[in-house]
Amino acid sequence: METTQLVLRREAQRARYRHAWWIALAAGASGNALLVLAMWASAPRAAPANVSVMPAPVAASPAPIIVASPVAAPVIVVVPQPAAAPTGAQAFGDLGPCPEPHTARPTGALRQPSDATVEHVAAAPTDSRLVAAWNEDDVFVSRDGGSSWDRVLAGPGAVLDASFDCHGRVLVLREGNGLGMRDGVREAWRTVPGVELRVSDEDYQPRDMARVIGGGRSLAVTGPRSGDGDGEAWAAISDDGGVSWHHADLGWYDGTTHAAWEGDALRIMVPWTDCMSEGIRLVTVTGSGVKDDELGEWSANVALDRTGPYVLSEYCEGDALLCIWRPGRDWRALVPAAVVAHGDDGITLQVVDGPVDVIIRNDTVQTLTGARLGKARTWPFDADPLATDLAGRLWGKDTDGRLIRR
C-alpha cells in the first residue's frame, strides 16, 4: 500500500512540475508579445502612402499571410466618382463653326404635341427636322419633323418665343425668366440684360414683344430696350452662351422686326415711322460694328432671307403688291400665281417669314427663293399659317386648332 501511494505521489508531483513549466513558458511568451506590441505602438510612423485604386495584376503566387494586429489600421474606402457635369457656361458655350444645314424632308406622320392647343410654331433655320410648338405655358420640341414631341424648358413666366441655334440647341424666351437653353438633357436659364421681356397687353403693343433669333453660332435677342418708354429697339448678342452680352441700338421702330443670321453677321429689318415719313432700316451687326441701310419702303408684313428682304406694299409696281429688295438698286415687283377671289374676302395676301419664305394668296402657297416664286400648291383657306421649315413646308392650324403642314 505504501509503495502504491509513493508511486502516486511521484506521478502527481511530475504532473505539477510539467504544468508549472507550461505556465512559465506561456507567461514568458505573453510578456515578450506585450513588450513588442508596446514598442510598435510607441514607434514614430511615416505619413501614409498614396492609395492606388488601379487593379493589381493577377500573379500566380501563394495566398498572402494575414497578420492580425491588436490595433486595427483605419480602413480607407475609395469610391470612383463620375466626371463632374460641366457648368452652365461651359455646357452652353461656343460649339465652333455651324454644321452644314440639313434640308431633307422628314417622312414621318405628323402627330399633335399635346391635348393643349398650340398657338405658335418655329422651325430651326438650319435643320428641317427640328420644330418647336408652344402656347403661353408650355413648349414642345420635335427632332423628327413632327412625328414625336417632348415638353422642354418648363418654368415661370409666359413663353414669348422659341427657336434653335445652328447646332440644334433649343432656345426659349419666357417673360421675366430670361433665355432658356437646352442641349440634350441639360437645361439652363440666362438673364438677357437690356431687353424688356414681357407679353403684350392693352397698353403694350405686340410689336414690342422680344424675339430670340435662331440659326446662329451666337445668341441674339431683339426687342424693346429695358426702361425705355420711347419705343427704341435693342439687340442683345452673346458669343459665350449667355454669360456676357453686348448690344446694338436699333433706334425707333413701329412694326415687327425680323432678323436672321448670315454667318456671324446678324441682319435685322426694323420698320419705322414718324410724323413726316416712314421706311425700313436694314441693320447689319458684325464684330466690327453696326451698319444701317435705309430701304425707304414701309410695310407691316415683311420677310428676310439670305438673298434680301421681301415686303408686301401697295407701293410695289403695278398690282403685284409683293416686292423684293435688290441691294444697291431698288425694289423689284414679283408677280405671284393668279388665284380666284374667295367670296367677300376677295384676295388675301400674306408673307410668312421662316427658314424658307412663302407667300399665301387665298388657298395657294408659293415659296420665295430670291426673285423666283416656286410652284403653286394648295393651302386650306381657313387655316392659320404659323411658320415654315427648311424643307419648304408651311405649318399652321386648322379650324379645330390642330397642327397641319403642307
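Because only heavy atoms are used, hydrogens play no part in the values below, and waters and symmetry mates are left out as well, while side chains stay in.
Between L153 and W189, some side-chain heavy-atom pair lies under the 4.5 Å cut-off. W395 is listed as a side-chain neighbour of D389, based on a closest heavy-atom distance under 4.5 Å. Between I359 and L368 the shortest side-chain heavy-atom distance falls below 4.5 Å. Looking at N362 and W379, their side chains never come closer than 4.5 Å, going by heavy atoms from C-beta outward. Side-chain contact between V192 and W245 is present, with heavy atoms from C-beta onward closer than 4.5 Å. In this structure, the side chains of V159 and L173 stay at 4.5 Å or more apart for every pair of heavy atoms. Here the side chains of L219 and L171 are in contact, with some heavy-atom distance below 4.5 Å. Proximity of V352 to I360: side-chain heavy atoms (C-beta onward) are separated by under 4.5 Å at one or more points.
With sequence neighbours left out, D274 forms a side chain to side chain donor-acceptor pair (under 3.5 Å) with S277. Listed by chain and number, the residues in a salt bridge (charged side-chain N to carboxylate O under 4.0 Å, His left out) with E262 are R267 (sequence neighbours excluded). Checked against side chain to side chain contact (heavy atoms under 4.5 Å, CB included), A259 has the following partners two or more places apart in sequence or in another chain: I213, L266, I268. In this structure, the ring-ring contact (aromatic ring centres under 6.0 Å, His included) partners of H120, at least two apart in sequence or on a different chain, are W134. With sequence neighbours excluded, no residue forms a ring-ring contact (aromatic ring centres under 6.0 Å, His included) with H246. The ring-ring contact (aromatic ring centres under 6.0 Å, His included) check on W331 picks up W325, with sequence neighbours excluded. Not counting sequence neighbours, the partners of T117 by the side chain to side chain contact (heavy atoms under 4.5 Å, CB included) test are E119, K397.
For the pair V270 and L250, the tightest heavy-atom approach, listed with the atom from each and the gap, is CG1-O, 4.1 Å. Annotation for A387 and L394: closest pair O-CD1, 3.3 Å, computed over non-hydrogen atoms. Taking every heavy atom of both residues into account, V170 and F164 meet most closely at CG2-CE2, 3.8 Å. Between V141 and V152, the closest heavy-atom pair is CG2-CG2, 3.7 Å.
A salt bridge is absent between R402 and D400: the closest approach of a Lys/Arg side-chain nitrogen to an acidic carboxylate oxygen does not fall below 4.0 angstrom. Salt-bridge annotation for R217 and D165: absent, with no side-chain N of the basic residue lying under 4.0 Å from a carboxylate O of the acidic one.
Contacts classified as side chain to side chain donor-acceptor pair (under 3.5 Å) and involving residues 363-377 (residues at least two apart or in different chains) are not found. Among pairs with a residue in residues 287-302, none fulfils salt bridge (charged side-chain N to carboxylate O under 4.0 Å, His left out), at least two apart in sequence or across chains. Pairs of residues two or more places apart, or lying in two chains, never qualify as disulfide bond (SG atoms under 2.5 Å apart) while including a residue from residues 127-161. The list of salt bridge (charged side-chain N to carboxylate O under 4.0 Å, His left out) pairs with a residue in residues 140-159, not counting sequence neighbours, reads D138-R151.
In this structure, CZ in R332 is found 11.0 Å from CG in L322, a value given to the nearest 0.5 Å.
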For this session: Evaluate the side-chain contact (heavy atoms from CB on, under 4.5 Å) criterion for residues R281 and M269: first the C-alpha distance (whole Å), next the side-chain angles of each, then the deciding distance (0.1 Å), finally the verdict.
Result: CA-CA 6 Å; R281 288 188 302 277; M269 289 184 70; over 6 Å; no

For this session: Show the numbers, then the answer: is there a side-chain contact (heavy atoms from CB on, under 4.5 Å) between V283 and V290?
Result: CA-CA 7 Å; V283 181; V290 179; 3.5 Å; yes

Problem set entry | Derivation of the side-chain contact (heavy atoms from CB on, under 4.5 Å) call for Y310 and L334 | CA-CA 10 Å; Y310 299 97; L334 301 177; 4.0 Å; yes

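Side-chain atoms of D161 and S163 include no donor-acceptor pair closer than 3.5 Å.
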Output a table of donor-acceptor pairs, distance under 3.5 Å, between side-chain atoms of residues 96-115 and any protein atom two or more places apart or on a different chain; print 'none' if there are none.
residue, atom, partner, partner atom, Å
H102, ND1, S128, OG, 3.3
R111, NH1, S147, O, 3.3
Q112, OE1, L403, N, 2.9
Q112, NE2, L403, O, 3.2
S114, OG, A116, N, 3.1
S114, OG, A116, O, 3.4

